[in-house]
Chemist: 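Provided herewith is a single structure, encoded as structure tokens, for subsequent inquiry.
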Amino acid sequence: MTEKQFRLYDSLSRKVKPLITAEPGHLRFYTCGPTVYSYAHIGNFRSFLSADLVVRTALAIGWKVTWVSNITDVGHLTDDDIADATGEDKMEKALRSKEGEQFHNVWELAEYYEAAYREDWKLLNLVEPDVRPKATQHVREQILAAEELIEKGFAYETPTGVYFSVDKFPGYGKLSGNTQESLRKGVRDVVLDENKKDQSDFAIWKKDDKHLMQWFSPYGWGFPGWHIECSVMARAYLGDTIDLHSGGEDNKFPHHECEIAQSESLTGKPFCEHWSHTAFLQVNGQKMSKSLGNFYYVRGLMAKGADPLAIRFALISGVYRKNLNFTDQGLEDAKTNIDRFRRADIAVAEALESGSNGADTVGAELEDLYGQALDAMLSDLNTPIAISKALEGAKIITRETLSLESAKSGERFLNLVNDLLGIVRHPEDMVMVEESKTSTADEARILERIEARKAAKVAKDWGLADSIRQELLNESIVLTDNSDGSVSWSST
RNA sequence: GGUGCCGUGCCCAAGUGGCCUAAGGGGUCGGUCUGCAAAACCGUUAUUCGGCGGUUCGAAUCCGCCCGGCACCUCCA
């Protein structure tokens with residue numbers, strides 16, 4: 001087997017280049033996870049989905065993947081806290097909000113939203129990471145890192161905390177382009193902290209004995225800075241130098257810039273060889289923002305009847321490096337496509353049961369299409385191309401009357417496509433065990449009506465047949481006459 | 001004010017110097033099938049890529065200006 005190259009845009013060198021792993025065939029990958037102070041919205045999931053697709057693509061070419069995706073369960077601050085820590089803590093703020101009333105404390109709140117996040121993760125059919133470390137489980141290492149950075153002269157203590165001295169790290173700004181010079185040029189209201197040596201210095205530890213989550217450190221009571229958590233966790237699970245690090249485009253600066261500065265100062269080695277950032281999702285042409293109140297959540301969309309796989313499909317239907325516009329129409333389009341895969345899946349299952357003898361008429365073509373889909377993914381995750389190839393394959397499967405041999409090829413194709421893109425079916429069939437809103441009594445009545453309509457059809461009483469169909473339609477029950485004369489129904 | 005990204009048919013969205021007289025999906029319209037529907041299948045739908053100039057034998061793709069949208073600029077994926 002020839003070695004496949006996985007080409008991926010690298011935000012650091014600003015070009016598409018092969019993803020190189022330190023250990024051949026083993027990708028060590030870190031993804032910045034959410035702060036669990038609220039439900040993760042579909043914008044969050046868009047960036048997690050990019051990471052998921054990287055993992056799936058790597059697995060598809062036979063790589064081993066060690067994937068770490070953290071959970072930020074320390075609140076940090078909502079506002080600029082440079083001066084005096086008046087910025088509110090996100091978790092504390094959430095606790096005081098209306099939704100927060102149900103929780104006794106921040107820990108409970110974090111636990112609740114973490115569980116919700118994991119549920120949504122599964123619903124959208126993302127691959128499970130190997131490790132999901134939590135910031136609060138690694139506070140000790142974060143304190144040790146702070147001490148070591150002070151010892152090595154990269155950080156210093158002030159009355160308000162421990163700060164990283166940006167001037168000590170010449171490469172600061174290489175990822176985001178926000179070098180010291182360009183930062184100084186930008187005129188912006190910045191709260192001044194006269195204790196800091198440079199206004200660009202960032203917090204590794206915040207002193208605060210009023211904080212709802214606090215730990216004791218050599219600097220007294222307080223809590224760790226946001227950036228140090230990822231530096232520490234990446235190192236703990238993946239080593240000093242990792243192959244790939246991903247996150248949303250907003251993470252690039254300051255978060256990832258600061259991670260690089262801290263980690264490389266700590267180890268003296270390159271922190272990460274390849275950086276990947278996902279562009280923001282827009283909703284109905286607008287930015288998702290609190291002020292516009294247009295946040296979409298997985299559970300909210302599902303409550304309105306959305307199929308989670310369709311949500312997934314809609315979120316990966318554009319290339320990850322460009323803004324994608326999420327609309328209701330887009331979700332409907334996605335649903336139509338997901339149904340195509342489902343039908344192909346069913347056609348294959350049926351043909352595997354009762355397929356006729358005969359040659360495999362689709363195998364070669366399907367194999368070719370899968371190859372093209374995989375190539376598209378290997379080419380900087382070109383999901384639109386990959387999806388179009390997958391759809392072509394599904395079309396071929398549904399079009400033909402499948403022989404047993406063809407069905408086997410179809411099954412192989414759909415399995416491969418599902419492994420690569422996750423849009424054919426859920427692994428555990430957890431999908432909608434259709435909480436049948438219809439009771440068995442209802443069901444008996446519906447079946448009785450269907451029989452009545454059949455009788456009317458035999459009698460060629462089309463008026464009666466149609467009125468029965470309409471009657472059921474009024475109850476949101478759709479009848480479908482199949483080509484073999486049977487009738488199926490579904491409630492919408 | 002600084003930095004970066006983007007603008008493709010009715011909608012979503014690939015393509016980033018010649019294989020583009022521009023993928024794929026949705027929708028539309030026409031057809032096959034079916035009592036009629038639905039589904040499925042076949043065909044149709046951009047001489048054109050925000051505007052204006054320029055470079056080139058050749059541009060949606062490169063350059064300039066303009067218009068429009070987005071992101072980051074110290075803790076929002």
Chemist: Determine the interatomic distance between P on B/C62 and the same-named atom on B/U16; round to the nearest Å.
Modeler: 10 Å
Chemist: Reckon A/H41 touches a base, only the sugar-phosphate, or nothing at all at heavy-atom distances under 4.0 Å?
Modeler: base
Chemist: With a non-hydrogen cut-off below 4.0 angstrom, is A/N251 in contact with a base, only sugar-phosphate, or nothing?
Modeler: sugar-phosphate
Chemist: Between B/C70 and B/U8, how far is it from one P atom to the other, in whole Å?
Modeler: 14 Å
Chemist: What is the separation between atom NZ on A/K454 and atom C1' on B/G35, rounded to the nearest whole Å?
Modeler: 16 Å
Chemist: Could you give the distance separating B/G54 and B/A59 at their C1' atoms, to the nearest angstrom?
Modeler: 12 Å
Chemist: Any idea which of B/A77, B/A14, B/C73 is nearest the A/P254 side chain?
Modeler: B/C73
Chemist: May I have the step-by-step check of side chain to side chain donor-acceptor pair (under 3.5 Å) for A/T278 and A/S50, ending in yes or no?
Modeler: CA-CA 7 Å; A/T278 303; A/S50 302; 2.9 Å; yes
Chemist: Applying a 3.5 Å limit to both distances, which nucleotide forms a Watson-Crick or G-U wobble pair with B/C41?
Modeler: B/G31
Chemist: Of A/R321 and A/G330, whose nearest nucleotide on RNA chain B comes first from the 5' end?
Modeler: A/R321
Chemist: What does B/C72 pair with, Watson-Crick or G-U, if both distances are under 3.5 Å?
Modeler: B/G2
Chemist: Measure the acute angle between the ring planes of A/W275 and A/F271, then classify it against the limits of 30° and 60° as parallel, tilted or perpendicular.
Modeler: tilted
Chemist: C1' atom, B/U61 versus B/G18: distance in rounded Å?
Modeler: 11 Å
Chemist: Would you say B/A37 has OP1 or OP2 under 4.0 Å from some side-chain N or O of A/R469?
Modeler: no
Chemist: When you compare the side chains of A/D339 and A/T336, does any donor N or O come within less than 3.5 Å of an acceptor on the partner?
Modeler: no
Chemist: Only pairs with both distances under 3.5 Å count, Watson-Crick or wobble alike; so what is the partner of B/G17 in this structure?
Modeler: none
Chemist: Between B/G24 and B/G9, how many Å separate the two C1' atoms, rounded to a whole number?
Modeler: 14 Å
Chemist: Less than 6.0 angstrom from the centroid, inside 45 degrees of the normal: does A/K304 satisfy that with respect to the ring of A/Y296?
Modeler: yes
Chemist: Tell me the partner of B/G58, counting only Watson-Crick (N1-N3 plus N6-O4 or O6-N4) or G-U wobble (N1-O2 and O6-N3) with both under 3.5 Å; none if nothing fits.
Modeler: none
Chemist: Measure the distance from CE on A/M377 to P on B/A14 and round it to the nearest whole Å.
Modeler: 13 Å
Chemist: A/Y320 has an atom OH; how far is it from atom P of B/C70, in whole Å?
Modeler: 23 Å
Chemist: Could you label the plane-to-plane angle of the A/Y297 and A/F295 rings as parallel, tilted or perpendicular, counting under 30° as parallel and over 60° as perpendicular?
Modeler: parallel
Chemist: Has A/N323 got a side-chain N or O lying under 4.0 Å from the OP1 or OP2 atom of B/C5?
Modeler: no
Chemist: Watson-Crick or G-U wobble partner for B/G64, using a 3.5 Å limit on both distances?
Modeler: B/C52
Chemist: Map A/R399 and A/G247 onto RNA chain B by nearest heavy atom, then report which one ends up closer to the 5' terminus.
Modeler: A/R399
Chemist: Take atom CD in A/E471; do more than 12 heavy atoms of anything else shown fall under 6.0 Å from it?
Modeler: yes
Chemist: Within less than 4.0 Å of OP1 or OP2 of B/C36, is there a side-chain N or O belonging to A/K460?
Modeler: no
Chemist: Using both distances under 3.5 Å as the test, list the Watson-Crick or G-U wobble partner of B/C10, or none.
Modeler: B/G26
Chemist: Looking only at atom C1', what distance separates B/G26 and B/U45, rounded to whole Å?
Modeler: 13 Å
Chemist: Choosing from B/G26, B/C76, B/A13, which nucleotide comes nearest the side chain of A/Q329?
Modeler: B/G26
Chemist: Any cation-pi pair here, A/K15 with A/Y9, using under 6.0 Å and within 45°?
Modeler: no
Chemist: If you only use heavy atoms from C-beta on, which nucleotide in B/A77, B/A13, B/U74 is closest to the side chain of A/Y172?
Modeler: B/U74
Chemist: Write down the distance separating the P atoms in B/G53 and B/A60, rounded off to the nearest Å.
Modeler: 15 Å
Chemist: Please pick, from B/G7, B/G35, B/A39, the nucleotide with the shortest atom-to-atom distance to any side-chain atom of A/D466.
Modeler: B/G35
Chemist: Could you walk me through whether A/T72 and A/N70 satisfy the side chain to side chain donor-acceptor pair (under 3.5 Å) test, starting with their C-alpha distance in whole Å, then the side-chain angles of each, then the deciding distance to 0.1 Å, before giving a yes or no?
Modeler: CA-CA 6 Å; A/T72 300; A/N70 73 295; 3.1 Å; yes
Chemist: Are the ring of A/F280 and the base ring of B/A77 both nearer than 5.5 Å at their centres and tilted by less than 30°?
Modeler: yes
Chemist: Taking CG from A/L124 and C1' from B/A77, how many angstroms apart are they, rounded to a whole number?
Modeler: 14 Å
Chemist: Tell me which nucleotide among B/C76, B/C36, B/C73 gets nearest to the side chain of A/F253.
Modeler: B/C73
Chemist: Shorter than 3.5 Å, N or O on both sides, protein versus nucleotides 19-25 of chain B: list them out with atom names.
Modeler:
from, atom 1, to, atom 2, distance (Å)
B/G25, OP1, A/K395, NZ, 3.0
B/G25, O3', A/N337, OD1, 3.3
B/G25, O2', A/N337, OD1, 3.1
B/G25, O2', A/N337, ND2, 2.4
B/G25, N2, A/D333, OD2, 3.3

Chemist: Where does the angle between the aromatic ring planes of A/F341 and A/F313 fall among parallel (under 30°), tilted (30 to 60°) and perpendicular (over 60°)?
Modeler: tilted
Chemist: Does the pair A/S403 and A/S406 meet the rule for a side chain to side chain donor-acceptor pair (under 3.5 Å), with working shown?
Modeler: CA-CA 5 Å; A/S403 68; A/S406 294; 3.1 Å; yes
Chemist: For the C1' atoms, the ones on B/C63 and on B/U21, what distance do you get once it is rounded to whole angstrom?
Modeler: 26 Å
